[in-house]
Amino acid sequence: MRTPLRERLSWTDNALTLVLVSAVFLLQVVAAPRALIKDVKYSTVLLDAKGELLGARIAADGQWRFPPSGKVPEKYAIALTEFEDRCFWAHPGVNPAAMVRAAFQNLRAGHIVSGGSTITMQLIRLSDPGPRTIGRKCTETLKAVQLERFATKEQILSLYAANAPFGGNVVGIDAASWRYFGHDADELSWAEAALLAVLPNAPSQLHVSRNREKLLAKRNNLLFRLFEQGKLDGTDFALACSEALPDEPLPLPQYAPHLLERYCKGDEGGMVHTDIDLSLQRRVLALTDRWNRQLAQNGINDLAAIVVDVHNCKILAYVGNANAADARAGAQVDIVRAPRSSGSILKPFLYCAMLQDGALLPHSLLPDLPVNINGFSPQNFDRQFDGAVPASEALARSLNVPAVQMLRSYGVPRFHELLRAAGLSTLTRSPSVYGLSLILGGAEVTLEDVTRAYAALAARYQDCSWVPDTFPFNDACALWWTFDALKEVNRPDQMDWRMISSVPRIAWKTGTSFGFRDAWAVGVTRDYAVGVWAGNAQGQGSPGLVGARTAGPVLFDLFNLLPSSDWFADPEDFIEAELCPESGMLASVDCPERELLRLPANALRSEACPYHRKVTLSSDGKWRTDPADPDGVIATMFLLPPSMEWYYRSRHSAYRPLPPLKPGSKLGDGYLPMEFIYPEPGSRISIPRQLDGSLQGIVFNLAHSDPDTELFWHLDDGYVGSTRFLHRMRLLPDPGDHTVTVVDADGNSLSINFTIEKGDR
């Protein structure tokens, strides 16, 4: 039964409304309105470089409310003004005719069926919600007129669209478009625009999940009015009416959840513009998600990747952790920013720095021998030794022992400072804490820092302006040789880029941390730097977690998503020098062959080849003879020190060792055919106890150029034994200073001094 008019609405109330409305138009409104929307909590909205939505986080008050974008889609503006306020573009904030018409409609109906409010008045109501009384209506009217004096129609419409309720916890046109239709408001169809135009009229009564028939009728009625006014043609009208209503609100995109969390603006929320390329981001995300599922079968649960534009250092794709929505432990950890053990990923920086200083040439032979430095005994991944290896090959193969020797020569404090200057911000401990392990994973770095540092190498080579002046690499030739060495790293697919011209060249490096906890792969071209990390965010290791086998394949799949890049152009700033092709060092007077090479400016500081030397041989070449021997022949030979030669010969069948001394010859060329591998002269050695409490002593290791000779060992003044073929001797000296002397069958002797530290024995 309809409520009597005198109980709901009196003639006095309506007359007073008309009087007040008229009075408003006679007032000279001079005061500017205060800020309309105050203390509003916004969602954090993450956008890509083109303004496309990457993801959003709900506002602190539980509402999906996007920050105002300042724009209103044209279709929505047309539908909204037709439905809510036809005279919006003409009235001064209130529409007297509409209010009079509403008053008569309410009287005729016997209850409130129309409020006569303009969009401006509704905006005022949104800014200060409360019971709808005559007094509040008058206040809204006054404020609406004030607002119209100080804001444009476009600004008013934009504010309304950004703050109108659209049912449930959805506020604003941008959030509503994504929640109901899954796309940006600029892409609204006529049916979608009409639906959103009618929703704020009664969001608590009409919703996509209830009273759907009434909602559909209301939308289609608005579409018919637009058709009648010629704003829709017949085809558009028919198509719009045939569109179904959305069933339920949709989840918002989550293309970069970890990046969204990184830039979350707390309770206030806000709009965050990034350099991400949404198209690339989606493809990178799909690829890493697929790889993550595959690696998880082997106990490798987490995977992160980042793509950086070399020319401006902008992050184009960011996957903090693949399959972030999974329930697995660690899925929410943003590995891109998490400090992890670096493995071998820092070796290229040391190689480039030493090239730049002239302490090394691109292919200089480096010792690859067993070493024990104050108890630190680095091992190559395959537990093998080459004896001597070119520096470029040592980098490409990621050999640990040559890298440690390089760092030992360069200096840990210098390298530590260099890495920090290159942008590795997590090296917060002192160089002495890291020690020589700094080059093998003793430090923790982030995937973002490392990838940006690799990008900076390529950018500096191309004189990109974003690279800071403090970046420590500035020799273009040293950079070029570093890229040249890194392109030789064996690819996971074993594809040889030299054989197929279409295969792009990529300078890349892998790394594996101690305990198989972190697998790295970072690559760079002229245009892009890509970084990949695989492992377990919780820190557990996995036997199959090796950079080349896990992170490497992902890296190359990611590069396949990117446009192909040309290889780095040849350097323009260089010097030319003659090198020995066998040693890779500056050619000495004894080097029989030479090659001219473009080198860094400081290359002439490096060492000349010490391995070619003139020797006197018998005419048949089987013996080394006295230089005075009339039948002797002077020849130039490539001779490595005995310790290097011991391992080098097994891998280089063409290597020709120095022949044995001819019986009866008294050679005085100063050549000593043996060398201690361990320990080094002057070492201070601590002998540890075994688990059973016993002391096993230390093993002295020596190499001799004649594998068949017998060596006789002496500790201080006492004979301790002999060795043949494999020259290793275990000794247990007392604490204090000692000397070990070794004599071979030809009477050559070699001594070494060392100190045994006092222990607990």
Peer 1: Between Asp386 and Arg397, is there a side-chain N and carboxylate O pair less than 4.0 Å apart?
Peer 2: yes
Peer 1: So, Ser643 versus Glu675: side-chain donor-acceptor pair below 3.5 Å or not?
Peer 2: yes
Peer 1: As an exercise, state the distance from CG of Asp484 to CG of Asp570, rounded to the nearest 0.5 Å.
Peer 2: 9.5 Å
Peer 1: Just checking, is any N or O donor in the side chain of Asn380 or Asn400 under 3.5 Å from an acceptor N or O on the other one?
Peer 2: no
Peer 1: Are Val530 and Trp508 packed together at the side-chain level, in the sense that at least one heavy-atom pair is separated by less than 4.5 angstrom?
Peer 2: no
Peer 1: Is the Phe349 to Tyr410 ring centre distance short of 6.0 Å?
Peer 2: no
Peer 1: Are Tyr678 and Phe754 close enough that their ring centres sit under 6.0 Å apart?
Peer 2: no
Peer 1: Do Glu680 and Arg408 sit within salt-bridge range, that is, some charged N less than 4.0 Å from a carboxylate O?
Peer 2: yes
Peer 1: If only side-chain N and O atoms count, and only distance matters, is there a donor-acceptor pair under 3.5 Å linking Asp518 with Ser341?
Peer 2: no
Peer 1: For the pair Arg460 and Asp463, evaluate salt bridge (Lys or Arg N to Asp or Glu O under 4.0 Å) and give the outcome as yes or no after the intermediate values.
Peer 2: CA-CA 5 Å; Arg460 173 53 63 84; Asp463 291 327; 5.8 Å; no
Peer 1: I want to check something: taking the side chain as every heavy atom from C-beta on, are Val554 and Phe559 in contact at a cut-off of under 4.5 Å?
Peer 2: no
Peer 1: Any side-chain heavy atom of Trp291 sitting closer than 4.5 Å to one from Ile300?
Peer 2: no
Peer 1: Run Thr274 and Leu54 through side chain to side chain contact (heavy atoms under 4.5 Å, CB included) and show every step you take.
Peer 2: CA-CA 9 Å; Thr274 72; Leu54 291 168; 3.6 Å; yes
Peer 1: Between Thr510 and Ile345, does a side chain to side chain contact (heavy atoms under 4.5 Å, CB included) hold up when you go through it step by step?
Peer 2: CA-CA 6 Å; Thr510 62; Ile345 211 71; 5.6 Å; no
Peer 1: Flag the pair His416 / Leu427 as yes when at least one side-chain heavy-atom distance between them is below 4.5 Å, and no otherwise.
Peer 2: yes
Peer 1: Are Ile276 and Gln281 side-chain neighbours, meaning at least one heavy-atom pair lies under 4.5 Å?
Peer 2: yes
Peer 1: Which pair of non-hydrogen atoms, one from Gly330 and one from Asp302, has the smallest distance, and what is that distance?
Peer 2: O-OD1, 3.7 Å
Peer 1: For the residue pair His652 and Tyr648, does the interplanar ring angle fall in the parallel (under 30°), tilted (30 to 60°) or perpendicular (over 60°) class?
Peer 2: parallel
Peer 1: Quick one, Leu346 and Leu424 - any side-chain contact, counting heavy atoms below 4.5 Å?
Peer 2: yes
Peer 1: Just checking Phe471 against Phe473, ring centres under 6.0 Å apart?
Peer 2: yes
Peer 1: Quick one: closest heavy-atom pair of Phe385 and Val401, and the distance?
Peer 2: CE2-CG2, 3.8 Å
Peer 1: Is Glu448 paired with Arg337 through a side-chain N to carboxylate O contact shorter than 4.0 Å?
Peer 2: no
Peer 1: Go through the side-chain N and O atoms of Tyr318 and Asp334 and say whether any donor and acceptor fall under 3.5 Å apart.
Peer 2: yes
Peer 1: Quick one, Glu757 with Arg684, criterion salt bridge (Lys or Arg N to Asp or Glu O under 4.0 Å). Give me CA distance, side-chain angles, the key distance, then yes/no.
Peer 2: CA-CA 6 Å; Glu757 301 278 8; Arg684 302 185 68 87; 2.9 Å; yes
Peer 1: Hey, mind stepping through Arg452 and Ile315 against side chain to side chain contact (heavy atoms under 4.5 Å, CB included) and telling me if it holds?
Peer 2: CA-CA 9 Å; Arg452 286 185 185 272; Ile315 297 176; 3.1 Å; yes
Peer 1: Going by distance alone, is a donor N or O of one side chain under 3.5 Å from an acceptor N or O of the other, for Asn321 and Arg328?
Peer 2: yes
Peer 1: What's the separation between atom CZ in Arg290 and atom CG in Leu303, rounded to the nearest 0.5 Å?
Peer 2: 11.5 Å
Peer 1: To the nearest 0.5 angstrom, please state how far the OG atom of Ser344 sits from the CG atom of Leu395.
Peer 2: 9.5 Å
Peer 1: Considering non-hydrogen atoms only, spot the tightest contact between Thr550 and Gly544 and give its length.
Peer 2: CG2-O, 3.3 Å
Peer 1: Please determine if Asp357 and Arg414 form a salt bridge, counting it only when a charged side-chain N lies under 4.0 Å from a carboxylate O.
Peer 2: yes
